[in-house]
Student: 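My questions all concern the structure below.
Throughout, residue positions are numbered sequentially from 1 according to the sequence presented. None of these values were measured; they are calculated from a predicted model. Just so you know, ligand 1 is whichever comes first in the structure, and atom 1 is the first atom listed for that ligand.
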Amino acid sequence: MRSSSLLFALFLVIHAPAAQNIAVIPQPVSLQPLKGSFRLTAQTVIGYGQTAAKPVADMLAAQLSTPTGYRLKVQRQGQIQFRLNAKPNATLGREGYTLEATAQGVRIAANEPAGLFYGVQTLLQLFPPEIESPTRVRKSVWSVPAVRITDYPRFGWRGVMLDVSRHFFTKEEVKRYIDRIARYKYNVFHWHLTDDQGWRIEIKSLPKLTEVGACRVKRYGKWGLLDAPKPGEPATDCGFYTQDDIREIIAYAAGRHISVLPEIDVPGHSMAAIAAYPELCCTKDTSIRVNPGSTFAEWYGDGTFKMLIDNSLNPSDEQVYSFLDKVFTEVAELFPHPYIHVGGDECYTGYWEKDPNCQALMQREGIKTGHELQSYFMKRVEKILRAKGKKMIGWDEILEGGLAPGAAVMSWQGLKGGIEAARLGHEVVMSPNDYVYIDLLQGDPLVEPDQTSYKRVRLSKLYEFDPMPEGIDPKYILGGQANLWTEKAPTYRMAEYLSFPRAWAAADIYWSPKESKNWDAFIRRMERHFERADFAGCNYARSAYDAIVTASITDGKLMAHINTEIAGLDIFYTLDETLPDAFTPRYTQPIEIPEGPVTLKVITYRGGKPVGRMIPLSREELVKRAK
Ligand code: ACM
């Protein structure tokens, strides 16, 4: 060996990625580190084996070529080799794969293209984080550690919901979001397309739905406190997807093995549709406008509420069912997903109860309650969908008053709706708000951008979630979702901030074996993914590094208690109006807060460097927390 190649070999050994750097999310079923590494060069060929594997090979070539600057060739045979199993490997199922990386090459095998795609997502995560860069990165060695992986999902339904009504996201933003979740092996994109604040899908036979329903008056500031539309004020804040846009997004998602579940939320949450066609509601109130984020409901904290503006469709009006038939005809033609989500949540029945036609219908049909009337409505909707070859899925309120035959339930008010539906033999997707509502506050309201939220879902809380209840036939639990409502996400960057890392943690829950769950190990992997997200230009929240401050009053003394979600952080604080750092007192036990105009300022460090945000807590704030 010439000395230059000896030097080069030494260089390779030093730069070979260590096995402990492996950080795959979701955690694979089985991962065995081997000795050595595979090095990608400009000469590496990507081999697709069978024609059906070519799209995934092309996609990998494109993804590796951008940051490396290599123009990688795709041929039948290569050092990175895809293969569809001639004889299906029963362990892998439809979405599983095997991946073996050695110094000689990388082999990814699966029963179906979906499995190869998930193998690619894992392979990308084995490369250094710069591989996520959308532009060329100067880096001398691009290698992956030698490893042997067998992997397949725990659940067949792994979803993320994006609400595009409360805030509209452009077609390009929706595609980017789909890319982000595809990396974590999600396979359902639930698209919440209609709500009180905007109707976002073109329905050609009902043009006013988007001409009127996709526009609202422009407002700035805190959601829920915004001014209602003024009489005659023009609605200039508009956004919707044409049917061509929708087909383009469905195809884009399909290329990433993600199916798109459309949601048309009825009979409640329909103010945008009613603004377009006021004859569809009981009050027929022509002054109803698309809601711009102003308050129109009273919430009583026990699950009951009152809508001060009529936002529900009239279940006694045959015109409403003709309207829905038109909508669902076009939706069913556009979306290949076997289900259509019809909402069904938070429907206010107060206007129905005052309406003579609804009363007459109730008498005729022997319907006694508002819930039963909603059930009548949902069953009519289910029939419309069935006639179009689609299955119905709705939020757990569709159980109230009797579930439509064959309907699936998306359980959001805890797991109980899902459990009840599964006991009745219906399919269920679990997405309880106390675990996987990724719009909710994820850290201290004093430092989070979203200061008001009816609950908090810290990352560690989400990570506790398990979608499979005890004593239920698992065949009814299709899987789970993380749901992003966007009242508090006026920008795409904010949508990412709310989504990650929580949707990464949920990916572990929906894909990985339950036995592999390990909070500290997840955090180590998450931190490596922060580096990847930095190169990808993907926003995320570092809230899990922040201190958790609670308070108590003990023997008349106000005490502050400080904790962290992540182990091994140092907590520093001040009580003297200066900024805390590694030279101010370190927290070791509850702190007594002196009387006076005092502020407790808290920050977290690790290895001598700040990692969390500084949280300033006034004495009044701590007294409030002690109650
Ligand atoms: C919901 O959060 N209203 C489904």
Student: Are there any protein N or O atoms under 3.5 Å from the N or O atoms of ligand 1? List them with distances, or say none.
Tutor:
residue, atom, partner, partner atom, Å
ligand 1, 2 (O), Y437, OH, 2.6
ligand 1, 3 (N), D345, OD2, 2.7
ligand 1, 3 (N), E346, OE1, 3.2

Student: Do Y497 and R493 have side-chain atoms, one donor and one acceptor, less than 3.5 Å apart?
Tutor: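 Note: Y497 and R493 side chains miss the donor-acceptor criterion.
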Student: So, does R625 use its side chain to make a donor-acceptor pair with the main chain of V549 at under 3.5 Å?
Tutor: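 Here the side-chain-to-backbone pair exists.
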Student: Apply the ring-ring contact (aromatic ring centres under 6.0 Å, His included) test between Y184 and each candidate in Y118, W504, W511, Y177; give the one that qualifies.
Tutor: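 Going through the options one by one, the only one that passes is W504.
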Student: Under a plain distance cut-off of 3.5 Å, with no hydrogens placed, do T242 and D245 share a side-chain donor-acceptor pair?
Tutor: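 Looking only at side-chain atoms, T242 and D245 do form a donor-acceptor pair, the distance falling under 3.5 Å.
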Student: How long is the gap from NZ on K284 to OH on Y351, to the nearest 0.5 Å?
Tutor: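 Between K284 NZ and Y351 OH, I get 14.5 Å after rounding to 0.5 Å.
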Student: So, are E248 and K175 salt-bridged, with charged N and O less than 4.0 Å apart?
Tutor: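 Salt bridge between E248 and K175, a charged N being under 4.0 Å from a carboxylate O: yes.
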